[in-house]
Peer 1: 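Below is one structure. I have some questions about it.
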Amino acid sequence: MQSASLFERKLMAPAIRDAFAKLDPRKLVRNPVMFTTAVVAAVASVILLRNIAIDGDGLAFQGQLVFWLWLTVLFGNFAEALAGGRGKAQAQSLRATKDQLVALRIGKFGATEEVPASQLRFGDVVLVTPGRQIPADGEVVAGVASVNEAAITGESAPVIREAGGDRSAVTAGTTVISDEIRVKVTAEPGSGFLDRMIALVEGASRQKTPNEIALTILLTGLTLIFLVAVGTLPAFAEFSGDAIAVPVLIALFVALIPTTISGLLSAIGIAGMDRLIRFNVLAKSGRAVEAAGDIGTLLLDKTGTITIGDRQASEFVPLLGVAPADLVSAARLSSLADPTPEGRSIVALAGAGETLPTEAETVAFSAQTRVSGVDLPGRSIRKGAVDAVLKLGDFPPGSVLALKRITDRIAQAGGTPLAVVENGRLLGAIHLKDIIKAGIRERFVELRRMGIRTVMITGDNPLTAAAIAAEAGVDDFLAEATPEDKLAYIRKEQGEGKLVAMCGDGTNDAPALAQSDVGVAMNTGTQAAREAGNMVDLDSDPTKLIEVVGIGKQLLMTRGALTTFSIANDIAKYFAILPAIFVVLYPALGALNIMGLASPSSAILSAIIFNAVIIPLLVPLALKGVAYRPMPAASQLLRNLAIYGAGGVIAPFIGIKLIDLAVAGLGLA
Amino acid sequence: MLTAILTVILIVGGAALLSWPLGNYMAWLFSGRFARADRLFIRAVGDAPDQNWKQYSVALLAFNALMFAFAFLLLATQHALPLNPDGQTAAPLDLVFNTAASFTTNTNLQHYSGESTWSYLAQLGGLMWLQFVSAATGIAALAALARGIGGQASMGNFFLDLQRAAFCVLLPLAMIVACFIALRGVPMTFEGAAAVTTLEGVTQTIARGPAAAFVAIKQLGTNGGGFFGPNSTHPLENPDFWANSLQMISIIIIPMACVWMFGRIIGRMKHAGVIFGVMLVFLLVKIGGSVAFESAPTQAFANLPIMADVGNLEGKELRLGATTGPLWAVLTTSTSNGSVGAMHDSLNPLTGLMPMAGMWLNATFGGVGVGMINMFLYVVVAVFIAGMMVGRTPEYLGHKVEGREMRLAILALISHAVLILGGTAIFAATVWGQDTLNNVGAHGFSEILYEFSSAGANNGSGFEGLGDDTVPWNIATGLVMLIGRYLPIIVPLAIVGSLMAKKRSAESAGTLSVEGGTFGTMLVITILIFGALTFFPAAALGPIAEHVTLMR
């Protein structure tokens, strides 16, 4: 998926249009603070109209006040519209893709008929030929094909999809490049992956998360508190012998209530989902994104995440009494025809030597025997997993024992041993080593400082796993892991009150994905896995789990930081507006005007202008998220408190003063 | 100046030191360490099953309703009952309502002078008894809250907790304090008023009575209801420096100990330390402010040709010095005590703001038990905002803070503002308030504001200068006291009940720590913004307006 720049011009115009459309009270009421702002802006407007009718004074001031009050509401709407706009554009292109899908449905008697994709039902089987788009989500039931999934993932390199196994799922909207496949439809119309993606990027199914609900309650509560504080002022003023004009009270009220964070709240949520989408991860709910921030335990697959996929030969270990050269030669010969990266690495480690004679017969690796090798005239060489090699014949117990000692040592060092046998004589072992990805160790240190435990999942035996775990610096490992083990481990961690994240692709991962709090399914995985997870990684890159956690944290931090900023602003606003209001009652209260604002009306106007324009000024921050670096919670709090708390106190003093200079300079009030 | 600092160190430091062992003792007590006493208490009520938050709240409310009904009856019928040597007559029912509400809610707002209104039986059997059980109610509620948030399965049993607090905490301490002040000269007698002939040859009636017992629990239980009208400015309630010092320590010691008790029950002494520190900072700022503001002479002397270098002596007990007046004023309003050691009406304007700020926050040590409960509300809000800033959905001690908890916390915080500002608005705008004032303008406004702050915060001190024994005042402040007492007790119990129902999450380096200075800072900011900013406009029209107008 292409990323769009923050303020792309083509997104601005629709966002501005939307800002007005969102003035609809039914939409506005979802955000109680902005709704309240709109209500009091309406009241101020009515008062203004009445004053115009009776030709009252101070109309210019009141007019400007009403203008800025409405602008506050519009700015909030604009922020939300802009955040949603990018998604809308994406959704439109996805929808266009979806609408033009046509299917070749296979009827009862094997005949095909062309139908619009929207008529496909669960269980229908369709034929997809080269050049055609797959019309609906489904499972390949026959054939193998290379499929271009760029429409979904943005990655144009084709992938293989075949019947059976973990690579059978296909997605509507992707294109078959070669060969033909038969696909059984597994999604009803409107509930496919494409539909869900459209809904997600559009934000249509965006429900408020529990944290958003709680924050909305807090902000509404603050609004009520200030309603009491401001609503009681007329009575107080009356006692002190004068009345306060209603528009001025409205200005004070709107300035105090947390309009800034309320205007940006839904934009922050949408932008968080959007960051994930641009990162090619689809979250099925905003809740999942927030949960990512709370993760306490990360389950990571060893292969591909912690180690690079391939193992490399690092050492030849001959048995006592075997000439090292014999072992090297045998290992080399048996690997010359082995095309796997491991085989090539053995040849590379052995160095130059004889070539395979033409009469050589290679024995390919099979899952049953788990050995491979070569038969030469007079020489029969086999190499493979130790237990498999030992099953090939009766070896003297002494040499078996010696071999075991060697292979145990290799396993303890985190390596995988391959035994080599020639003509029924054990020669020794090859040490295959897992290569830990560069930089991964540092990542784990970072995660640990953030309080996140990393757990390595591997099919290796416990000895090997322990060694690799130690080298990579993970906190724990799960060796010889079966899907049941994973599930049990997740349950155990959750029982201790931790939230667990994992990624997986196979059908047998589905229960664990469903059990985990954040389950990232690989897009290349099976339909079952993609259904079970609450996120789908379109790039199928398990390393991303770590970034997903960061995005979740960033989302919550942005929310917290802007809340703090918004509330901290109130101090300066009090000092701007209160003296302006009260100076008529007690002239000496002008002493509270510590900013030295030009006049009462200019002070009120400046505060309300600041209150309005701070929303669009903070939109980039809301959309990009606050700067996030992994660090312990205590430092994180201190940092954000210093920037957004202290900044929130100081910024409005400066901002209001500058606006006041401009307002007074231009003679606006 | 040096004397002032030494006095503050003696009182606040002394109380803080003593609060540590007392807090530990209370935590043990409420953890059932004293099995023999517990068995006795359980036998007294028959059975003491574990209660959940609803059962605990119902028990608390029911018992308090009983307390109210009993006090109301006793006060209303005192003229027909024994132990009435001075022949007090029947009190008007609105005053009876106000007084019963006032003492049931641990407020002890007094719209009367004890020595000329109530019989000894009413004072001892009604009011003094309430000073024990209302204080015990607050401590019991805190024990329940701490158990719940600390991860225990039940909140305990209200009737057991009530007896523990009354018999094992309040009663022994009150005995010690009463004996001590009786030795210093506070009367403890059932004889009626003494008639003496003065040096001038006129006959003077000197009210007396069983005051020592009354005064001891008045201070310890953050009650504050004086035996005599002038409260602790009366020489027979507060005879000398030592009695004065002990009483000030008594005011603050149990609220301080409640913080340690909370920390020990939840097993987080460092967290309690942060809370204690935050409370202490607020307390010291208020003390520093009031002592400093009070060192300026009263504005009444402004244009008089007199030396004015000893500070404001108006309304002070000169026997006790100029520092203890403002110090007492801050201590008594930081806690919800409300006894007075100087006339608050006579304080300089900004000095008068300090007690009001104490009542607006109502959590900087606060009332016995309930001060810590109020602080819990601020902690929940602070945890919520700070929790997001560390990039997690907020949690407090492993409990997720979500919509329901937020709604309840906000309800309690708003109620405080509504009761105080709403009441003030109504009385400031109508004859109910306007006709009862001694002063006009900003000072008159302060008098109304102070009275509602005192009622809303269950403090009970009076700014005075207010003819408050009227039907509207009695009814209005009576209602404000009742709502202002029970809502902020029940709502936090409900919050904890809701948190208890959730699975606790484990803590790690990524969880917000509530044990460091950073969180302390966050808590201070939260208290300032949610507690103080709300009242800033009112403060501006009251004490601040008076200050900027009169003082230079």
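Chain letters run A, B, ... following the sequence lines, proteins first, then strands; residues in each count from 1.
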Peer 1: I need the minimum non-hydrogen distance between B:Ser508 and A:Gly451, along with the two atoms involved.
Peer 2: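 Looking at all heavy atoms of both residues, the closest pair is OG-O, 3.1 Å.
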
Peer 1: Compare every heavy atom of A:Gly221 with every heavy atom of B:Ile414, then report the nearest pair and how far apart it is.
Peer 2: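 Closest pair (atom of B:Ile414, atom of A:Gly221, distance): CD1-O, 3.7 Å.
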
Peer 1: Under 4.5 Å, counting heavy-atom pairs only, tell me which of B:Ser513, B:Ala540, B:Gly516 racks up the most with chain A.
Peer 2: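 Highest number of heavy-atom pairs under 4.5 Å: B:Ala540.
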
Peer 1: Below 4.5 Å from any heavy atom of chain A, which atoms of B:Val440 appear? Answer side chain, backbone, both or neither.
Peer 2: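 No part of it gets close to chain A.
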
Peer 1: Can you classify the ring geometry of B:Phe536 versus A:Tyr574 as parallel (below 30°), tilted (30 to 60°) or perpendicular (above 60°)?
Peer 2: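 Perpendicular: the ring planes of B:Phe536 and A:Tyr574 meet at over 60°.
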
Peer 1: Return the minimal non-hydrogen interatomic distance between B:Met389 and A:Gln636, and the atom names on each side.
Peer 2: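 So the two residues come closest at O-CG, 3.8 Å.
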
Peer 1: I need the residue from A:Leu499, A:Thr563, A:Ile567 with the largest number of non-hydrogen atom pairs under 4.5 Å to chain B.
Peer 2: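 Option with the greatest count: A:Ile567.
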
Peer 1: Tell me, out of A:Glu493, A:Met631, A:Arg639, A:Gln494, who's got the most heavy-atom pairs with chain B below 4.5 Å.
Peer 2: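 Of the options given, most contacts go to A:Gln494.
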
Peer 1: Please state whether the side chain, the backbone, both or neither of B:Ala409 comes within less than 4.5 Å of a heavy atom of chain A.
Peer 2: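 Neither; nothing under 4.5 Å.
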
Peer 1: Return the option, out of A:Leu638, A:Leu562, A:Ile217, A:Leu556, with the maximum number of heavy-atom pairs under 4.5 Å with chain B.
Peer 2: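 Winner by heavy-atom pair count: A:Leu556.
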
Peer 1: If I measure from the heavy atoms of chain A, does B:Thr534 come under 4.5 Å with its side chain, its backbone, both, or neither?
Peer 2: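 Answer is both: backbone and side chain atoms of B:Thr534 are under 4.5 Å from chain A.
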
Peer 1: Which atom pair, heavy atoms only, marks the closest approach of A:Gly497 to B:Lys503?
Peer 2: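 For A:Gly497 versus B:Lys503, the nearest heavy atoms are CA-CE, 4.5 Å.
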
Peer 1: Name the option with the most non-hydrogen atom pairs under 4.5 Å to chain B; the candidates are A:Ile213, A:Val649, A:Leu215.
Peer 2: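 Among the listed options, the one with the most contacts to chain B is A:Leu215.
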
Peer 1: Determine the sole option in A:Leu578, A:Thr232, A:Ile581, A:Leu256 for which the side chain to side chain contact (heavy atoms under 4.5 Å, CB included) test with B:Pro537 is passed.
Peer 2: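 Considering A:Leu578, A:Thr232, A:Ile581, A:Leu256, a side chain to side chain contact (heavy atoms under 4.5 Å, CB included) with B:Pro537 is found only for A:Leu578.
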
Peer 1: List the atom of B:Arg392, the atom of A:Gly293, and the distance in Å for their closest heavy-atom pair.
Peer 2: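 Reported closest heavy-atom pair: CG-O, 3.5 Å.
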
Peer 1: Below 4.5 Å from any heavy atom of chain A, which atoms of B:Leu408 appear? Answer side chain, backbone, both or neither.
Peer 2: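 For B:Leu408, no heavy atom lies under 4.5 Å from chain A.
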
Peer 1: Which bit of A:Phe236 comes within less than 4.5 Å of chain B, counting heavy atoms only: side chain, backbone, both or neither?
Peer 2: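 Contact with chain B is through both the backbone and side chain of A:Phe236.
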
Peer 1: I need the minimum non-hydrogen distance between B:Gly510 and A:Ala633, along with the two atoms involved.
Peer 2: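 Answer, listing the atom of B:Gly510 first, then A:Ala633: O-CB, 3.4 Å.
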
Peer 1: Is the shortest side-chain heavy-atom distance between B:Met388 and A:Met557 below 4.5 Å?
Peer 2: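 Heavy-atom side-chain distance check fails, nothing below 4.5 Å.
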
Peer 1: Would you mind checking which part of B:Phe384 comes under 4.5 Å of any heavy atom in chain A, side chain (CB onward), backbone (N, CA, C, O), both or neither?
Peer 2: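 The side chain, not the backbone.
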
Peer 1: Sort A:Gln554 into side chain, backbone, both or neither according to what part of it lies under 4.5 angstrom from a heavy atom of chain B.
Peer 2: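 Nothing of A:Gln554, per the 4.5 Å heavy-atom cut-off to chain B.
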
Peer 1: Is the backbone of B:Glu546 close enough, under 3.5 Å, to the side chain of A:Tyr586 for a donor and an acceptor to pair up by distance?
Peer 2: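 No: the side chain of A:Tyr586 does not pair with the backbone of B:Glu546.
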
Peer 1: So A:Leu641 and B:Met522, do their side chains get closer than 4.5 Å, heavy atoms only?
Peer 2: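 In short, these two side chains touch, coming nearer than 4.5 Å.
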
Peer 1: Assess the side chains of A:Asp294 and B:Thr393: does a donor N or O sit below 3.5 Å from an acceptor N or O?
Peer 2: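 Present: a donor and an acceptor within the cut-off.
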
Peer 1: Considering only heavy atoms, which portion of B:Thr424 lies under 4.5 Å from any heavy atom of chain A: side chain, backbone, both, or neither?
Peer 2: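 Contact with chain A involves both backbone and side-chain atoms of B:Thr424.
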
Peer 1: Is there a side-chain contact between A:Leu233 and B:Leu541 (heavy atoms, below 4.5 Å)?
Peer 2: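 In contact.
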
Peer 1: What part of B:Arg407 lies closer than 4.5 angstrom to a heavy atom of chain A: side chain, backbone, both or neither?
Peer 2: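 Both backbone and side chain.
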
Peer 1: Between B:Ile448 and chain A, with a heavy-atom cut-off of 4.5 Å, which part of the residue counts as in contact: side chain, backbone, both or neither?
Peer 2: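 Just its side chain gets close to chain A.
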
Peer 1: Report yes if some heavy atom in the side chain of B:Ile525 is under 4.5 Å from a heavy atom in the side chain of A:Thr564; otherwise report no.
Peer 2: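 No. Closest side-chain heavy atoms not under 4.5 Å.
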
Peer 1: Determine the option with the most heavy-atom pairs under 4.5 angstrom with chain B, choosing from A:Leu218, A:Thr558, A:Val228.
Peer 2: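 Highest number of pairs under 4.5 Å: A:Leu218.
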
Peer 1: Identify which part of A:Leu585 has an atom lying under 4.5 Å from any heavy atom of chain B, answering side chain, backbone, both or neither.
Peer 2: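 Just its side chain gets close to chain B.
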
